[in-house]
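Below, chains carry the letters A, B, ... as their sequence lines are ordered, and counting in each starts from 1. Remember, it's a predicted structure, so these values are computed and weren't measured experimentally. For the numbers below, each heavy atom of this structure counts, side chains included, while hydrogens, waters and symmetry mates do not.
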Amino acid sequence: MFLQLEKQIQSAFREALTLRFGVDAEIVLEQPKQASFGEMAVPVAFQLARSLKQPPKKIAAELVEAVGDIPGVAAMEVAGNGYINLRLDRGAMAAGLLNPSGEATAAIPGKTIVEHTNINPNKAAHIGHLRNAVLGDTFVRMLRARGNTVEVQNYIDNTGVQVADVVVGFHFLEKKSPADVAALIAERRFDYTCWDLYARTSQYYKDHPESLAWRAEVLHGVEAGSGELAELGHLVADAIVNLHLATMLRLNVQYDVLPRESEILHLKFWAAAFELLKERKAIYFEEEGKNAGCWVMPSSAFRGSDEANEDSKVIVRSNGTVTYVGKDIAYQLWKFGLLGKDFFYRTLIEYTDGKKIWVSTDQEQPAGAPAFGRGSMVYNVIDTRQSYLQDVVVAGLRALGFDDQANKSIHFSYEMVALSPRCCADLGIELSEEDAKRPYVEVSGRKGLGVKADDLMDKLVETAFGEVASRHPEDNEAAQLAVATEIAMGALRYFLLKFTRNTVIAFDFQEALSFVGETGPYVQYAAVRARKIFRKLEDRGEAVPDFRTALTTEAMARQLAPGDKNDELWQILMSAARADAVVDRAVAAGEPAQVAKYAFQLAQTFNIFYDAFPVLAEPDAERKLFLLWVNQYLALQLERTLSVLGIAVPAYM
RNA sequence: GGGCGCGUAGCUCAGUUGGAUAGAGCACCGGCCUUCUAAGCCGGUGGUCGCAGGUUCGAAUCCUGCCGCGCCUACCA
């Protein structure tokens, strides 16, 4: 609705601009600071003041005159130092909201790949991983809401150092056989077992540096692909991947495909990329210095041409093995369909809605897998600490001559989740004097320092359950638990989304467990209340009207005719109408927090409406009909926005 | 040392890309449940936008220099 009107307004202004002043300029529309100023503001007069050498106010006045009437715009006035404020035709606008003119978001050509989660499959997921997954999943939902075709990838580093370290723990420290480990996997929370074991192994390396030879031995065994060590590696990684998927499913996060490092190795993805890199001279063999014997990428490729030349980046180690960055370059090439190779795929699990997760495999499979990869745009959701490595990957693409794809490789970076000092105290973690003075403490898997994702979710569910049970003692426990779970997950997703990407979250239980104020449950509560009005209406034996036939444009115009209460309703409708534009802007900015912020504001708007307009008690028939529709529209926009955030609307609260 | 980021109310954070009187939540103080659920609503207290310059009609926002903090700067990922 807005988008169409905005375009009309922009072209009308542009035309008037050339006609009157003989200049062309992009017309930016903004929301006025105060609702009383109108619905839209055009600040273009400020822009032109310098080049035209005229005061903004004068330009604005002349421009208003030149523009004349625009359909859908009721009035234009010059305000402040040169703002042009627009007031829309309320009746027409409201009728447009009731009967959308089929301007459904057009399908956007091409496929966007979003890679997120990417947790090392060697221990339980923690809050930092949750931020990644929720950020990625929400961005996917935003893109899809805008009409993009999106493929969600979750890369599994199942042959890396971290998995190897847990295998070291089982094999060398605990003397466990694959059968012993399989038995452990069958028990509950194998990922928690590995969490502790990983920390123990890391400590053991510290105390016995010579034991690092074990890691090399395991890595070798895992890469060979056979033998007991390889078997252990597979057992651990596969089991933990399944647990991670279950953890993320609790938060409503799903994936399309899991490309694994084991296949990148076995299907010789790296070998293909290596040949390409050598052939196009993107990397060279270092003969001297500390990187002698390695294949390296010169720092000039990814650091700009500054004098302060840093070290080159090692891509292939002197022992012939490839670094993670090397494999990532191969993977990135595959994502764009530039490698000339593909994985084989098999179904890993099927979600209850019928959607499947596919996983890469090195064995040929019967046909049936969708076509993965070959994206036209790639977003990699990876924390900001890896910016340097992501720069190297993009530089690799560029050095290979794939400039276009390099430009379409977006590092969707975000800051880490750290622990507040109070949170550490809650967890019983003792901090060094130095750490205690810091505003936050970094999570460390090696030290076993962190809040496990499932623990946090359990705690949230428990807290929410207490609230639900006390408010609705009449309901059965299973239903209470279902509602509590939706509230808990809504609270968690919102908590992780309300911060902008480059804000460090200093995690604090008290804040994360809050259900009041700017939280997910606040927004859910608004949606629940809106639905409740219709249920109550039906309880009273009244049907929900068919608004499209019952509400005429004239009735809308009457109900919105200027006046205190009507102005308020008009503002309410206008904030609800912004939903699509907000998602649009948030996609462009790459900032899911903007959608979260809007959801909260819309919930606030609803609560104001709820408080100021007792819908069911309204005596006037037309007024009541109109208020019911406003309520329905608010409910619709709230639910749509919540769904973009991946937050459910509980049956009651 | 170099690269990236941050510094806004007591606390945690927004700030629509340079615009109108700098906002929200929490905390604190005071009101509102016989009326669609108070996980709510209304009102109040609270600001040298780190500091100093500069750019211009106009700066929390852009530039320069300081101060403080964080992350990165591996033949780990």
Side-chain angles (χ1 to χ4, degrees), chain A residues 28 30-34 37 41 43 46-47 49-50 55-56 79-83 85 118 120 157 160-162 165 215 290-296 303-304 306 308-311 313-319 321-325 327-328 383-389 391 413 415-416 418 420 438-440 442 446 464 467-468 471-472 487 491 498-500 502-506 508 510-511 514-519 521-522 524-526 528-530 532-537 539-540 581-582 585-586 589 593-594 597 600-601 604 607-608 610-618 631 652-653:
Chain A
V28 179
E30 40 181 67
Q31 220 192 324
K33 197 85 181 166
Q34 278 180 43
F37 291 161
F46 297 110
Q47 240 172 285
R50 196 167 317 159
N81 290 325
Y83 276 98
N85 291 334
N118 300 5
N120 267 300
D157 183 5
V161 171
Q162 294 210 21
D165 285 345
R215 177 192 277 172
K290 64 173 190 170
N291 291 333
C294 299
W295 285 88
V296 302
R303 276 279 161 85
D306 286 24
N309 227 356
E310 295 285 319
D311 291 342
K313 179 66 197 169
V314 171
I315 305 296
V316 180
R317 304 183 185 100
S318 52
N319 68 4
T321 58
V322 58
T323 59
Y324 173 81
V325 186
K327 284 178 262 192
D328 216 15
D383 80 78
T384 186
R385 289 172 290 189
Q386 296 192 42
S387 296
Y388 162 68
L389 298 180
D391 288 349
S413 69
E415 265 292 354
M416 62 182 168
S420 71
R438 295 168 189 266
Y440 48 78
E442 199 173 344
R446 282 177 209 285
E467 296 286 335
V468 173
R471 282 160 214 250
H472 300 276
I487 292 170
K498 72 194 244 188
F499 301 93
T500 49
N502 56 10
T503 297
V504 177
I505 300 180
D508 185 286
Q510 199 168 308
E511 272 179 63
S514 170
F515 298 152
V516 300
E518 196 198 337
T519 66
Y522 177 93
Q524 290 174 310
Y525 186 57
V528 166
R529 284 174 131 186
K532 183 72 180 290
I533 290 177
F534 285 107
R535 207 175 319 136
K536 207 80 180 179
L537 185 75
D539 286 350
R540 295 181 182 184
V582 167
R585 202 188 59 198
Q594 291 180 3
K597 223 39 178 207
F600 173 65
Q601 284 162 1
Q604 270 184 325
N607 279 328
I608 291 166
Y610 184 90
D611 199 68
F613 299 91
V615 179
L616 298 181
E618 174 58 45
N631 183 67
Y652 58 80
M653 281 180 79

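We find that CD1 of Ile505(A) is positioned 16 Å from P of C71(B), with the value rounded to whole Å. Remark: C1' of U37(B) and CD of Gln524(A) are 15 Å apart, rounded to the nearest angstrom. Atom CG in Asp383(A) sits about 12 Å away from atom P in C71(B), given to the nearest Å. If you take CG of Asn291(A) and P of A74(B), they are 10 Å apart, rounded to a whole angstrom. When rounded to the nearest whole Å, the span between CG of Asp391(A) and C1' of C71(B) equals 14 Å. The separation between His472(A) atom NE2 and A38(B) atom C1' is 12 Å, rounded to whole Å. For the pair Tyr388(A) OH and U73(B) P, the interatomic distance rounds to 8 Å; values are reported in whole Å. Atom CG of Asp611(A) and atom P of C36(B) are 12 Å apart (whole Å).
Residue-level contact check: Ala292(A) touches the bases, meaning some heavy atom is under 4.0 Å from a base atom. Heavy atoms of Asp157(A) sit under 4.0 angstrom from primed sugar atoms or phosphate atoms, though from no base atom. Contacts of Arg215(A) with the nucleic acid, taken as non-hydrogen atoms under 4.0 Å apart, are absent. Nucleic acid contact for Asn120(A): sugar-phosphate only, since backbone atoms but no base atoms lie under 4.0 Å from a heavy atom of the residue. Using a 4.0 Å heavy-atom cutoff across all strands shown, Arg585(A) reaches at least one base atom of the nucleic acid. Using a 4.0 Å heavy-atom distance criterion, Ile487(A) is classed as a base contact. Residue-level contact check: Ser387(A) touches neither bases nor backbone, having no heavy atom under 4.0 Å from any strand. Base engagement by Leu389(A) is indicated by at least one non-hydrogen atom pair under 4.0 Å involving a base atom.
The separation of C67(B) from G58(B), taken at their C1' atoms, amounts to 28 Å, rounded to a whole angstrom.
Taking 4.0 angstrom as the limit, Arg471(A) places a side-chain polar atom (N or O) nearer than this to OP1 or OP2 of A39(B). Taking only side-chain nitrogens and oxygens, Tyr522(A) comes nearer than 4.0 Å to OP1 or OP2 of C41(B). A close approach under 4.0 Å does occur between a side-chain nitrogen or oxygen of Tyr525(A) and OP1 or OP2 of A39(B). A close approach under 4.0 Å does not occur between any side-chain nitrogen or oxygen of Lys532(A) and OP1 or OP2 of C36(B).
Map Ile533(A) and Val468(A) each onto its nearest nucleotide of RNA chain B; the residue landing nearer the 5' end is Ile533(A).
Consecutive pairing runs in RNA chain B reach the stem threshold at B:1-7 with B:67-73, B:10-13 with B:23-26, B:28-32 with B:40-44, B:50-54 with B:62-66, where a stem means at least three Watson-Crick or G-U wobble pairs with distances under 3.5 Å.
In this structure, OG1 on Thr384(A) lies 5.5 Å from CD on Glu415(A), to the nearest 0.5 angstrom.
Neither side chain, Asn607(A) nor Tyr525(A), offers a donor N or O lying under 3.5 Å from an acceptor on the other.
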Produce the list of close N/O pairs, under 3.5 Å, pairing protein atoms with atoms of nucleotides 68-70 of chain B; give distances to one decimal.
residue, atom, partner, partner atom, Å
G70(B), OP1, Arg438(A), NH1, 3.1
G70(B), O2', Tyr440(A), OH, 3.1

Just the table, please: protein N/O against nucleotides 33-35 of chain B N/O, every pair under 3.5 Å.
none

Measure all distances between protein nitrogen or oxygen atoms and nitrogen or oxygen atoms of nucleotides 6-10 of chain B, and list the pairs falling under 3.5 Å.
none

Shorter than 3.5 Å, N or O on both sides, protein versus nucleotides 56-61 of chain B: list them out with atom names.
none

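When all heavy atoms of Pro521(A) and Ile487(A) are compared, the pair lying nearest together is CG-CG2, 3.8 Å.
A salt bridge links Arg385(A) and Glu442(A); the closest N-O separation between the charged side-chain nitrogens and carboxylate oxygens is under 4.0 Å.
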Contact string for nucleotides 20-32 of chain B, one letter per nucleotide 5' to 3', B = base within protein heavy-atom range under 4.0 Å, S = sugar-phosphate only, - = neither, reads BB--SSS------
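Residue Thr503(A) places no side-chain atom within donor-acceptor reach of the base of C13(B), judged by atom type and a 3.5 Å distance cut-off alone.
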**Q.** Test log, rule side chain to side chain contact (heavy atoms under 4.5 Å, CB included), inputs Lys313(A) and Val296(A)
**A.** CA-CA 5 Å; Lys313(A) 179 66 197 169; Val296(A) 302; over 6 Å; no
